[in-house]
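Taking it in order: structure first as structure tokens, then the write-up.
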Amino acid sequence: MSRSVIIIGCGDIGQRFAALAACNGFKPLYGTTRTSENSDNLLTRGITPILANFDDPTSLGHLPTADATLLYFVPPPGGGIHDSRARNFCQALPELPRPSQIIYISTTAVYGDNGDELITELTPPAPDTSRGRRRLDAEKTFQQFGREHHIPVTILRVAGIYGPGRLPLQQLRSNHPVLIPAEAKPTNRIHAEDLANICLAAVDQGVDQEIYNVCDGHHGTLTEYFTAAAALLGFPAPPQITLAEAHKVMTPLMLTYVREGHRISNRKIINDLGITLTYPTLAEGLASCLPPEWQLPI
């Protein structure tokens, strides 16, 4: 029996998920895109493109949502503490055919700065950045919609994503600084391929109104990540500065990343979703990220 899927915001992870879904009997596969230029790319991947602009609710009335699984990857717009795109989508959904379930891809930024405390799904969210507040607003929007319309909604709170094509090349090329180790806070990551697998597991086994933290369980720092990526790619190690110096030279967005400490537990995805990670540590994951032309001889 075929199962229809609509990937709302069909970028890199959505396309990785689509490849897995196709191998697991999901069809047809649809993916929304803002521009017609991306349509040919989706078609070559077996994904039927749908033009949609989530800043314009009138463009959402043609989505083929009947009995479909919806995976929502669309990021919030910049600024403010509300996700108007998620709200537009949920306001449009009641006028569309009823979907079978919704998976919302959120972020661990909703937890705010927890220092060295181990974060589980029972940790109350307390975002201290507008970025995190917008994501929490979207979570609540989807959960409320699901309760009101009796449609299962599952939330994935995803840590920093890395993988082939997702390394900080621009920052390394520009010699972007990182914090000195003594001031660098713990963070978590997830490999793009593992994230796509977890999305598929959430579709099959995710529980209505449940939240799942998505990371590899390996607690490092952004300093360690940038330094390891630089070594892998043959760049000089990034310069190290203090947090006080960072406030003078880093962008406001980058500062939100270096100021927040996250030590995320991944036990729930392993125990409840049955996940076996392909890349359980950063060292294993980075080894898969070299561009083909940079692969080292065996």
Side-chain angles (χ1 to χ4, degrees), residues 1-33 38-52 63-75 97-106 151-167 189-208 210 212-217 266 268-281 284-292 295:
M1 179 179 178
S2 63
R3 296 181 287 176
S4 173
V5 172
I6 307 177
I7 302 165
I8 310 295
C10 195
D12 174 51
I13 303 302
Q15 291 170 32
R16 292 175 186 269
F17 167 81
L20 294 175
C23 294
N24 283 271
F26 287 85
K27 63 178 183 179
L29 297 172
Y30 300 95
T32 72
T33 177
N38 194 39
S39 296
D40 289 343
N41 174 53
L42 296 183
L43 283 170
T44 62
R45 298 172 182 271
I47 305 167
T48 300
I50 303 172
L51 287 177
L63 298 177
T65 53
D67 296 321
T69 290
L70 311 181
L71 281 91
Y72 189 96
F73 289 92
V74 177
R98 179 186 177 85
S100 62
Q101 66 179 139
I102 299 172
I103 311 292
Y104 173 59
I105 287 72
S106 183
I151 295 172
V153 171
T154 300
I155 306 293
L156 301 182
R157 288 178 176 164
V158 180
I161 306 169
Y162 74 103
R166 301 188 69 107
L167 296 184
R189 318 213 76 76
I190 187 68
H191 193 284
E193 292 179 18
D194 281 326
L195 174 53
N197 274 306
I198 293 165
C199 288
L200 183 64
V203 170
D204 282 334
Q205 302 177 61
V207 176
D208 180 25
E210 283 292 317
Y212 301 86
N213 289 334
V214 177
C215 68
D216 59 17
N266 66 354
K268 190 171 180 177
I269 60 169
I270 292 173
N271 294 337
D272 292 12
L273 299 183
I275 294 298
T276 299
L277 294 168
T278 304
Y279 304 105
T281 67
E284 292 169 287
L286 281 178
S288 75
C289 296
L290 278 175
Q295 291 289 338

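Counting from 1, the numbers follow the sequence of the chain as shown.
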Considering only heavy atoms from C-beta outward, does the side chain of D272 approach that of Q205 to under 4.5 Å? no
Which atom of A202 lies closest to which atom of L156, heavy atoms considered: CB-CD2, 4.0 Å
Answer yes or no: is there a side-chain heavy-atom contact under 4.5 Å between N38 and P49? no
How long is the straight-line distance from CG of L63 back to OG1 of T32, given to the nearest 0.5 Å? 7.5 Å
Measure across A192 and R16 and return the closest heavy-atom pair with its distance rounded to 0.1 Å. CB-NE, 3.5 Å
Can you tell me if T69 and Q101 form a side-chain donor-acceptor pair at under 3.5 Å? yes
Below 4.5 Å, heavy atoms only, C-beta onward: do D67 and S4 meet side chain to side chain? no
Are any non-hydrogen side-chain atoms of E284 and D216 less than 4.5 angstrom apart? no
Distance from F17 atom CZ to L195 atom CG, nearest 0.5 Å? 10.5 Å
How far does CD1 of I190 sit from CD1 of I269, to the nearest 0.5 angstrom? 5.5 Å
Drop me the distance from L42's CG to T33's OG1, to the nearest 0.5 angstrom. 6.0 Å
Which atom of C10 lies closest to which atom of G31, heavy atoms considered: CB-CA, 3.8 Å
Audit row: L286, R189, side-chain contact (heavy atoms from CB on, under 4.5 Å) steps and yes/no: CA-CA 11 Å; L286 281 178; R189 318 213 76 76; over 6 Å; no
For V74 and Y72, the nearest pair of non-hydrogen atoms, with its separation, is O-CE2, 3.3 Å
Looking at V207, I275, N266, I198, which one forms a side-chain contact (heavy atoms from CB on, under 4.5 Å) with Y212? V207
With rounding to the nearest 0.5 angstrom, report the CG to OG1 distance, N197 to T278. 5.5 Å
How long is the span from the OG atom in S288 to the OH atom in Y279, to the nearest 0.5 Å? 4.0 Å
Heavy-atom side-chain proximity of P64 to I6 below 4.5 angstrom: yes
Do I103 and C199 come within less than 4.5 Å of each other through their side chains, counting heavy atoms only? no
I'd like to check the salt bridge (charged side-chain N to carboxylate O under 4.0 Å, His left out) partners of R157; sequence neighbours left out, ordered by chain and number. E139
Least distance between heavy atoms, N24 atom then R3 atom: O-NH2, 4.0 Å
Between C215 and L277, the two heavy atoms sitting closest are O-CD1, 4.2 Å
Between V214 and I105, is there a side-chain heavy-atom distance shorter than 4.5 Å? no
Would you call the rings of H191 and Y162 parallel, tilted or perpendicular, taking 30° and 60° as the class edges? perpendicular
Close side-chain approach of T154 and D208, heavy atoms under 4.5 Å: no
